[in-house]
Amino acid sequence: MEEKKEEVLSTKEKYRKLSEKILMVSRNELYLSMRFLDTALGSLRFEMNQNTFFVGTDGISIFYNPRFLMERYGQHPVIVNRAYLHMVLHAMFRHIWNREEREEEYWNTACDIVVESIIDGMESRAVKRLIPDKRQEIYDDIQKFQPVFTAEGVYHYLITAPFTWKEFNAISTEFLVDDHSFWHHESEKGEGGEGKEQGEQEQESQEKKQQDGSQEQQAKARQKQWQKITEQMKTDMETFRKQAGNEAGSLLKALQVETRIKQDFRAFLKRFAVSGEEMHVDMDSFDYGFYHFGMEFYGNMPLIEELEYRETMKIEEFVIAIDTSGSCSGELVENFVRETFSILKDSENFFHKIKVHIIQCDKEVQEDIKITDQEELDAYLKDFEIKGHGGTDFRPVFEYVAKLREEGELKKLKGLLYFTDGYGEYPKKKTPYDTVFVFPERDYVEQDVPPWAMKLVLLEEQIMKK
């Protein structure tokens, strides 16, 4: 009996050593082919797991089934190389942790599509293979929707496209590489409390809360670690762009999109706030001591009344320009306008009397509507219609705004928001007010935005809110 156990352990150890040797060979091939992957490749340890169908990662370890790993390696080493890189990219883009409030099947498939598209675009011999026609057709269809692939954008495409469940499963199968079950934290797995005393259940509940808190801290630490790795790799690739050459394919572009600063649209609009007085009882400036002294000493005569005005930082006037060229029209523009105006309705961000110019423009100014109160805003929303559809030229809007400032129509203009796909003639001269070019993520590429202007990339869910 003891001999059989030793034999089983010996066989298991033999499989472990052989499997990890395969993974190390794969890691070395990837490193020799693409040296900028050095830190990322070495950040995952190896762990045997015979319950997985091939390999998977939780951002700390690569879990592998020795039987299927050796089988795939026997078919072709490139299969293992691609799977290794596939998992590394999941961790780099933090797909493992950004799953909250998303439908799991669609999120998993979206993440697989994104990392496989990056690997398919690489010229490195370590991962190069012929792209199947079916896969290329899927890439082409998504690219019509979103030129630059991101997990969030592809996810939005998948959940809005009119696929049958059978069609969606076919897409998922085409891009399935690794086991995503390791993405779940222990706290997400099933609980069992049947048949236990209340005190025992309460103790287990308390222990579970502590364990969940510890796991959450570990997850945040892992994300931070991978974020640093990703940012460092982006810097290295930009510095040694020529050496990386075609081997990196679209990885650098994907890293540039991933590492951009993601901001909350509502918070971003507060950059346009200006100081001003607003009628409002300012209880913070009210001194109750003097007030009560006057009431008691003089009788019904408070020495100090509360201030009726207070200094606030709110938005008083600004311009929203909408690119209505043929490439930037339709539902996306309308949803951006509606989302922006839903923020405008928030009285905490704006003075009671505001002045907002909404300018529609393609290669020339098509319309300018001035909004000064809530009623005008509601009326504009009710009858909103996109006007234009010609070519794109940003300069006419800035020339028009300069004219409004000269005429005194805009005296306190703090900023201009320009929603566009980015393809057009930018003005060369810096504006005396803040200018922000706002790009929908589906159209975002590294645009030649003037250095004096800001750019903001909005995620699909920020624009397409219902």
So, for [X] and [Y], which heavy atoms are closest and what is the spacing to 0.1 Å?
X      : Y      : answer
Leu44  : Ser61  : CD2-N, 4.1 Å
Ala126 : Asn81  : O-ND2, 2.9 Å
Ile96  : Ala91  : CD1-CA, 4.2 Å
Tyr155 : Glu103 : OH-N, 2.9 Å
Asp178 : Gly56  : CB-CA, 4.3 Å
Arg222 : Trp97  : CB-CZ2, 3.8 Å

*Evaluate side-chain hydrogen bond (donor to acceptor under 3.5 Å, both in side chains) for Gln227 paired with Glu231, printing each intermediate quantity in order.*
CA-CA 6 Å; Gln227 184 175 358; Glu231 289 171 352; 3.3 Å; yes
*Who are the side chain to side chain contact (heavy atoms under 4.5 Å, CB included) partners of Arg35, not counting sequence neighbours?*
Tyr31, Leu32
_Lys370: partners by side chain to side chain contact (heavy atoms under 4.5 Å, CB included), with sequence neighbours left out_ = Lys355, His357, Thr372, Glu409
*asked:* Arg135 and salt bridge (Lys or Arg N to Asp or Glu O under 4.0 Å): which single residue from Asp120, Asp112, Asp140 fits?
replied: Asp120
Flag side-chain contact, heavy atom, 4.5 Å: [X] against [Y]:
X      : Y      : value
Ser33  : Met122 : no
Phe145 : His156 : yes
Pro427 : Trp452 : yes
Glu399 : Val365 : no
Val319 : Tyr400 : no
Tyr433 : Leu410 : no
Asp434 : Lys414 : yes
His184 : Arg99  : yes

Taking [Y]'s backbone N and O only, do any of them form a donor-acceptor pair with [X]'s side chain (distance below 3.5 Å, no angle check)?
X      : Y      : answer
Arg82  : Val127 : yes
Tyr84  : Leu41  : yes
Gln360 : Glu385 : yes
Thr109 : Tyr106 : no
Thr160 : Tyr157 : yes

*Exceeds 12 heavy-atom contacts within 6.0 angstrom, atom NZ of Lys128*: yes
_NZ (Lys224) with more than 12 external heavy atoms under 6.0 Å_ = no
*Step-by-step side-chain contact (heavy atoms from CB on, under 4.5 Å) determination, Arg102 to Glu104*: CA-CA 6 Å; Arg102 304 186 198 276; Glu104 186 174 342; over 6 Å; no
Measuring from atom [atom1] of [X] to atom [atom2] of [Y], what distance do you get when rounded to the nearest 0.5 angstrom?
X      : Y      : atom1 : atom2 : result
Leu89  : Thr230 : CG    : OG1   : 9.0 Å
Met92  : Met233 : CE    : CE    : 3.5 Å
Ile142 : Phe149 : CD1   : CZ    : 4.5 Å
Leu413 : Lys411 : CG    : NZ    : 13.5 Å
Gln232 : Leu255 : CD    : CG    : 11.5 Å
Ile131 : Glu137 : CD1   : CD    : 12.5 Å

*How far apart are the C-alpha atoms of Leu85 and Leu37, what are their side-chain angles, what is the distance that settles it, and do they pass the side-chain contact (heavy atoms from CB on, under 4.5 Å) test?*
CA-CA 9 Å; Leu85 183 55; Leu37 289 169; 3.8 Å; yes
*Test log, rule side-chain contact (heavy atoms from CB on, under 4.5 Å), inputs Val177 and Val115*: CA-CA 10 Å; Val177 173; Val115 297; over 6 Å; no
_Verdict with reasoning, Glu105 to Leu158, per side-chain contact (heavy atoms from CB on, under 4.5 Å)_ = CA-CA 10 Å; Glu105 295 87 352; Leu158 291 174; over 6 Å; no
*Can you name the ring pair (Phe, Tyr, Trp, His ring centres under 6.0 Å) partners of Phe437, sequence neighbours left out?*
Phe394, Tyr418, Tyr426
*Indicate, with yes or no, if the rings of His180 and His95 have centres closer together than 6.0 Å.*
no
*asked:* Once you measure the plane-to-plane angle for Tyr139 and Phe175, does it fall in the parallel (<30°), tilted (30-60°) or perpendicular (>60°) bin?
replied: tilted
